[in-house]
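Report on the structure given below.
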Protein chains: 2
Amino acid sequence: MRYRRGLEARERILRATRTLIADVGLEGTTIKRICERAEVLPGSFYNLFDSKEQAILSVVREAIDAVDPDPEHKGPDSLDDLIDAYIRFVTEQEDLARVYIAIAVSAGRNRTELKQRVLRHHEGRVERFAGAITRARPELDATEARQRAERLVTSLNGMTLHYVLDPTFDLAGHVRALATETVGV
Amino acid sequence: MRYRRGLEARERILRATRTLIADVGLEGTTIKRICERAEVLPGSFYNLFDSKEQAILSVVREAIDAVDPDPEHKGPDSLDDLIDAYIRFVTEQEDLARVYIAIAVSAGRNRTELKQRVLRHHEGRVERFAGAITRARPELDATEARQRAERLVTSLNGMTLHYVLDPTFDLAGHVRALATETVGV
DNA sequence: TCGTAATTTGAGCGAACGCTCAATGTCTAG
DNA sequence: CTAGACATTGAGCGTTCGCTCAAATTACGA
């Protein structure tokens, strides 16, 4: 059981952690800085979280979930829907997008758990895009659709990576052009 | 003036720094670990480098340079040449590829200098690819070729990002397919 | 071979790290 | 209103961080 006060502090801590990772990266995200942003003292932090790692992992989960919303939906979403949702995610939740990219990179080492999570998530996204591509071009065989989906998903991440570096990059335009190209004329 | 002994230690330190960044990321790369791998003591490190930052920046420069070799060449390279060189870079110098991606991500914050360096480098690569695309399809106007080049370069980074996560990813196949698609049939 | 410049040694500095805990303050169910 | 669960406080723990320096050792031109 938690009191209202604690739940609010928990929210502040998670928000602070998320914006910190986006601003200064995983390595620059310290307990001290989190506590300053959240207006909380270290003791309070450790009353609400077991460790710094736990708070970070909460934010990571949040970012991974945000990148493809409504994953249980399983309904036949169109490619345009998926693309639009992705563009909205990156442009409207830039801090989460930064976290997502930061995670994808740092997952390459160390932690098998995090790596597996990222790869499983990637797998799910590819399947979803493959379904949409098949629906748009029913004559394509399954493996061809899957390959195009994989190409599209990985390219999307690359564009996001560049967008967080250079906000003037026309993410929406390039992503839409790539999608059109990938699905074929 | 440097003695042979110092130059060799310098090489060991740079190699240790490079593999460490690839293995554990920028945040996990500490002086202690660098010195262990390089079989050197901290005092020696600081006799050869001004700071940890300097050693890291040397490796970063190395990675950025490796990603498009022979930049002064300026000769008319074909798109296939550029693509093949890129695939070779990522698959044969995986640790440098990891460094390159790690840098691209962490450049998004903090250091304006590093960010500018990465963006300038990106600009150069786009120009080079745009030239190759124009040569392959002379009827395309300049801005169209440039947009396709930008799409290609950012997508390449995304595929590299995924490749360092999942070495079974068919980087060469996907990159070649994307290039074919981008340049048009 | 000798002189000096380069290099190595390794204890240890101050600062920052993640984290703890006993005391004190605040909330809320009954 | 009260009791007891929950939350906040903040000094400070042990560790690791990047880095320094005087002394000892090694390399190399003359």
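Lettering of chains follows the sequences in order, A, B, ..., and the numbering in each one begins at 1. On a predicted model such as this, the values are computed, not experimentally measured, just so you know. Below, all heavy atoms of this structure are taken into account, side chains as well, without hydrogens, waters or symmetry copies.
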Inset, instruction - Return the value, rounded to whole Å, for the distance between atom CD1 of Ile34(A) and atom P of dG18(C). - result: 8 Å

Legend entry - Pair Glu181(B) + Arg148(A): basic N to acidic O under 4.0 Å: no

Legend entry - Which nucleotide in dT9(C), dG18(C), dT8(C) has an atom nearest any side-chain atom of Ile31(A): dG18(C)

Legend entry - Interatomic distance, Glu36(A) CD vs dG10(D) C1' [rounded to whole Å]: 14 Å

Inset, instruction - Grab the CG-P distance between Asp50(A) and dC19(C) for me, whole Å please. - result: 10 Å

Legend entry - Given Arg12(B), Arg5(B), Arg4(B), the one that forms salt bridge (Lys or Arg N to Asp or Glu O under 4.0 Å) with Glu8(B): Arg4(B)

Inset, instruction - Report yes or no: do Tyr86(A) and Thr160(A) form a side-chain donor-acceptor pair below 3.5 Å? - result: yes

Legend entry - Interatomic distance where CG belongs to Leu48(A) and P belongs to dT9(D) [whole Å]: 11 Å

Legend entry - Separation of dG18(C) P from Glu27(A) CD (nearest whole Å): 12 Å

Inset, instruction - Report the nucleotide, chosen from dC17(C), dC19(C), dG18(D), that has the shortest atom-to-atom distance to any side-chain atom of Thr30(A). - result: dC17(C)

Inset, instruction - Using a 4.0 Å heavy-atom cut-off, write out nucleotides 25-30 of chain C from 5' to 3' as B (base contacted by protein), S (sugar-phosphate only) or - (no contact). - result: -SBS--

Legend entry - Residue whose nearest DNA chain C nucleotide is more 5′ - Phe45(A) or Gly43(B): Gly43(B)

Legend entry - Which nucleotide in dT8(C), dT20(D), dC17(C) has an atom nearest any side-chain atom of Asn47(B): dT8(C)

Inset, instruction - Taking all heavy atoms of Ser58(B) and all of Leu14(B), pick out the closest pair and write down the distance. - result: CB-CD2, 3.7 Å

Inset, instruction - Take atom CZ of Phe49(A) and atom C1' of dT20(C), then tell me their distance rounded to the nearest Å. - result: 18 Å

Legend entry - Residue Leu41(A), side-chain atoms from C-beta onward, closest of dG10(D), dT9(C), dC19(C): dG10(D)

Inset, instruction - Indicate yes or no: does Glu150(A) engage Arg146(A) in a salt bridge with an N to O separation below 4.0 Å. - result: yes

Legend entry - salt_bridge(Arg176(B), Asp84(B)) N-O dist < 4.0 Å: yes

Inset, instruction - Using atom OH of Tyr46(B) as one end and atom P of dA22(D) as the other, report the distance to the nearest whole Å. - result: 18 Å

Legend entry - Residue mapping more 5' on DNA chain C - nearest nucleotide basis, Gly28(A) or Ser44(A): Gly28(A)

Inset, instruction - Let me know the distance between CZ of Arg2(B) and C1' of dT7(C), rounded to the nearest Å. - result: 9 Å

Inset, instruction - Could you tell me whether the side chains of Thr143(A) and Asp141(A) share a donor-acceptor contact shorter than 3.5 Å? - result: yes

